[in-house]
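See structure below.
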Amino acid sequence: MRPPSSFEPGVSEGGEVDFERGLQPQDFSEFLGQENLLEPLRLMIRAALEREETVEHLLFTGLPGLGKTSLAMALAKELGAPLKMTSGPALSRAKDLVGILSQLEKGTLLFIDEIHRLPTEVEEYLYGAMDRFQIEWTFDAGVHARLLKLDLQPFTLVGATTREALLTPPFRSRFGHHLRFEPYSESALAQILVRSAQLLRIKLDDAATAILADHSRGTPRVANRLLRRTRDIAQLENDNHVDEAVVKRTFSLLEIDARGLERPDRRVLEALAQAAGRPLGLKNLGVAVGEAEDTIAEVIEPWLIRQGLLQRTPQGRLLTPEGWLALGQAPPPLSDSAEA
Ligand code: ADP
């Protein structure tokens, strides 16, 4: 079996989910490195509390692992509000949604992850709930049709998505405020690593922190996973002390190279190289590397693009000259790189 990479979402490696949960920020003071996201939320909380109303509906957008779920949890804590968490795929029928909405307590923060995967039919039921805290649905058809209205307790919907473009305009416009999560700076990631190390009772020195932050791809989830991997080696070989040597040894075991490329990155780059300069669509690329299309598009590719190794074109994905170089190969002659 292929060992999990350090940045794959949802890898079912023993206790990964519990591990993440244990490091989740509990309130705004622990949500590090994104003051620009907290500032508008603080204002909204104050205004809503003063008016004795719920906070307006919020849309959190950004790549996986940037803290959308964490911020929703911290927000509920700050508001002292009940939190209900679900996801687009879990709400496949209108019945599922009505079941949840009808049981919300006043002021609940309802977090729907992957909200772009909500079926259209379910999404439309949500409109009335968002606009008027009311759901309307029709029983039976034809002459027997009856319209039922159900009043709901006021609530705040927090929708999270990695694919904002997939939301319909009427849905998007119902969110009073959009928060865009961007990759974190290295200094923010360093702060997150230091906090996580304290929680895990690991000694983490400055040099090790800097290397880990540098390899975290702007993503707290990656930072914490790399720390977790180093912890195992530190525990076995270095008295729980993560120093530069432990980090380097971890990277060599995980096959993270000097450029920071991991095995899944290299597989993507190699698949593109094998296409000999012809662009590959996401589907073909997924088949070639044995990864889900979403994992490639949302987790692997964004970093490769930021590193200037891969480019997206309307015809598909291509290696850049720098990408060929990273594989130690020469780019094919220009005439070969046009789509056949
Ligand atoms: P998303 O919902 O965007 O996929 P998560 O909220 O699940 O991301 O974040 C993944 C992990 O990264 C969390 O368990 C948490 O430990 C850590 N994390 C994310 N953002 C922050 C932050 N701003 N400060 C501290 N830790 C964070």
Side-chain angles (χ1 to χ4, degrees), residues 4-13 15-42 58-78 83-90 109-117 157-164 178-202 204 209 212-213 215-231 292 294-295 297-303:
S5 84
S6 62
F7 55 90
E8 236 169 315
V11 275
S12 54
E13 197 203 359
E16 192 80 65
V17 173
D18 287 344
F19 171 80
E20 253 194 12
R21 215 167 277 149
L23 298 177
Q24 213 129 33
Q26 297 298 309
D27 56 29
F28 282 3
S29 70
E30 295 186 1
F31 191 83
L32 304 169
Q34 294 276 4
E35 195 47 40
N36 59 321
L37 296 179
L38 298 181
E39 208 45 50
L41 287 181
R42 286 202 181 96
L58 302 165
L59 184 63
F60 290 179
T61 60
L63 292 171
L66 293 181
K68 298 182 293 300
T69 311
S70 303
L71 187 55
M73 293 172 82
L75 176 61
K77 267 274 167 52
E78 296 285 334
L83 174 68
K84 173 78 195 163
M85 305 187 88
T86 182
S87 71
L109 204 136
L110 173 63
F111 179 73
I112 306 186
D113 201 9
E114 297 188 81
I115 198 156
H116 58 276
R117 294 179 63 190
L157 175 64
V158 179
T161 179
T162 48
R163 311 276 288 274
E164 188 186 356
H178 294 195
L179 292 190
R180 244 174 221 109
F181 287 62
E182 300 289 345
Y184 289 55
S185 67
E186 278 180 31
S187 67
L189 291 164
Q191 284 180 51
I192 291 172
L193 284 160
V194 168
R195 170 179 175 270
S196 299
Q198 276 165 1
L199 290 171
L200 297 168
R201 299 206 175 81
I202 305 172
L204 176 68
T209 310
L212 288 173
H215 282 77
S216 296
R217 303 170 179 229
T219 310
R221 173 173 291 142
V222 178
N224 283 338
R225 292 209 173 147
L226 287 176
L227 183 65
R228 183 184 193 196
R229 302 280 140 74
T230 59
R231 176 181 68 165
D294 281 356
T295 306
E298 295 173 12
V299 183
I300 303 178
E301 205 175 65
W303 183 77

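Just follow the structure's listing: the first ligand is 1, and inside any ligand the first atom is 1. The model shown is predicted, which means the values in this text are computed figures rather than measured ones.
- The CG atom of Leu37 lies 11.0 Å from the CZ atom of Arg180; values are rounded to the nearest 0.5 Å.
- Ligand-side atoms of ligand 1 in range of Pro64: 4 (O), range being under 4.0 angstrom from any heavy atom.
- At a 3.5 angstrom cut-off on N or O pairs, Ile192 does not count as close to ligand 1.
- Here Glu35 pairs with Arg42 in a salt bridge; the nearest charged N to carboxylate O distance falls below 4.0 Å.
- For atom 18 (N) of ligand 1, the nearest non-hydrogen atom of the protein is Pro220 CB, 3.4 Å.
- Residue Asp113 does not touch ligand 1, judged by heavy-atom distances below 4.0 Å.
- Note: Gln24 CD to Phe31 CZ = 10.0 Å, rounded to the nearest 0.5 Å.
- Proximity of Phe181 to ligand 1, defined as any heavy-atom pair under 4.0 Å, is not found for any part of the residue.
- Each of the following atoms of ligand 1 lies closer than 4.0 Å to a heavy atom of Lys68: 1 (P), 2 (O), 3 (O), 4 (O), 6 (O), 8 (O).
- Distances between N or O atoms of Leu32 and those of ligand 1 include at least one value under 3.5 Å.
- The main-chain N or O of Phe28 is found under 3.5 Å from a side-chain atom of Glu78 such that the two form a donor-acceptor pair.
- Here's the thing with Gly67: one of its N/O atoms is less than 3.5 angstrom from an N/O atom of ligand 1.
- Among protein heavy atoms, atom 7 (O) of ligand 1 sits closest to Arg221 NH2, 3.0 Å.
- Nearest heavy atoms, Arg195 versus Gln26: NH2-N, 4.4 Å.
- Annotation: Thr69 places an N or O atom under 3.5 Å from an N or O atom of ligand 1; distance criterion only.
- Using a non-hydrogen distance threshold of 4.0 Å, Tyr184 registers as a contact of ligand 1.
- Listed for the Lys68 side chain is a donor-acceptor partner under 3.5 Å among the backbone atoms of Gly62.
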Open item on the list: Before you tell me yes or no, could you show the steps for Leu41 and Leu179 under side chain to side chain contact (heavy atoms under 4.5 Å, CB included), namely the whole-Å CA-CA distance, both residues' side-chain angles and the distance that decides it to 0.1 Å?
Closed with: CA-CA 9 Å; Leu41 287 181; Leu179 292 190; 3.8 Å; yes
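- With hydrogens and angles disregarded, a donor-acceptor distance shorter than 3.5 Å links the side chain of Tyr184 to the backbone of Leu66.
- No part of Gln34 comes within 4.0 Å of ligand 1, judged by heavy-atom distances.
- At a 4.0 Å heavy-atom cut-off, ligand 1 touches Pro25 through the side chain alone.
- The distance from atom CZ of Phe111 to atom CG of Leu75, rounded to the nearest 0.5 Å, is 10.5 Å.
- Checking each of Leu110, Leu109, Ile112 against Lys84 for a side chain to side chain contact (heavy atoms under 4.5 Å, CB included) leaves exactly one that passes, namely Leu110.
- Distances below 4.0 Å separate heavy atoms of Leu66 from the following atoms of ligand 1: 3 (O), 8 (O), 20 (N).
- Atoms of ligand 1 lying under 4.0 Å from at least one heavy atom of Leu23, given by number and element, are 16 (O).
- In this structure, Asn224 contributes its side chain and Leu227 its backbone to no donor-acceptor pair below 3.5 Å.
- Nearest protein heavy-atom neighbour of atom 14 (O) of ligand 1: Glu20 O, 3.2 Å.
- The nearest protein atom to atom 4 (O) of ligand 1, hydrogens excluded, is given as Gly65 N, 2.8 Å; this is a heavy-atom distance.
- Between the side chains of Glu298 and Thr162, a donor-acceptor pair is found at a separation under 3.5 Å.
- At least one heavy atom of Glu30 sits closer than 4.0 Å to an atom of ligand 1.
- Of all protein heavy atoms, the one lying nearest to atom 13 (C) of ligand 1 is Ser70 OG, 3.5 Å.
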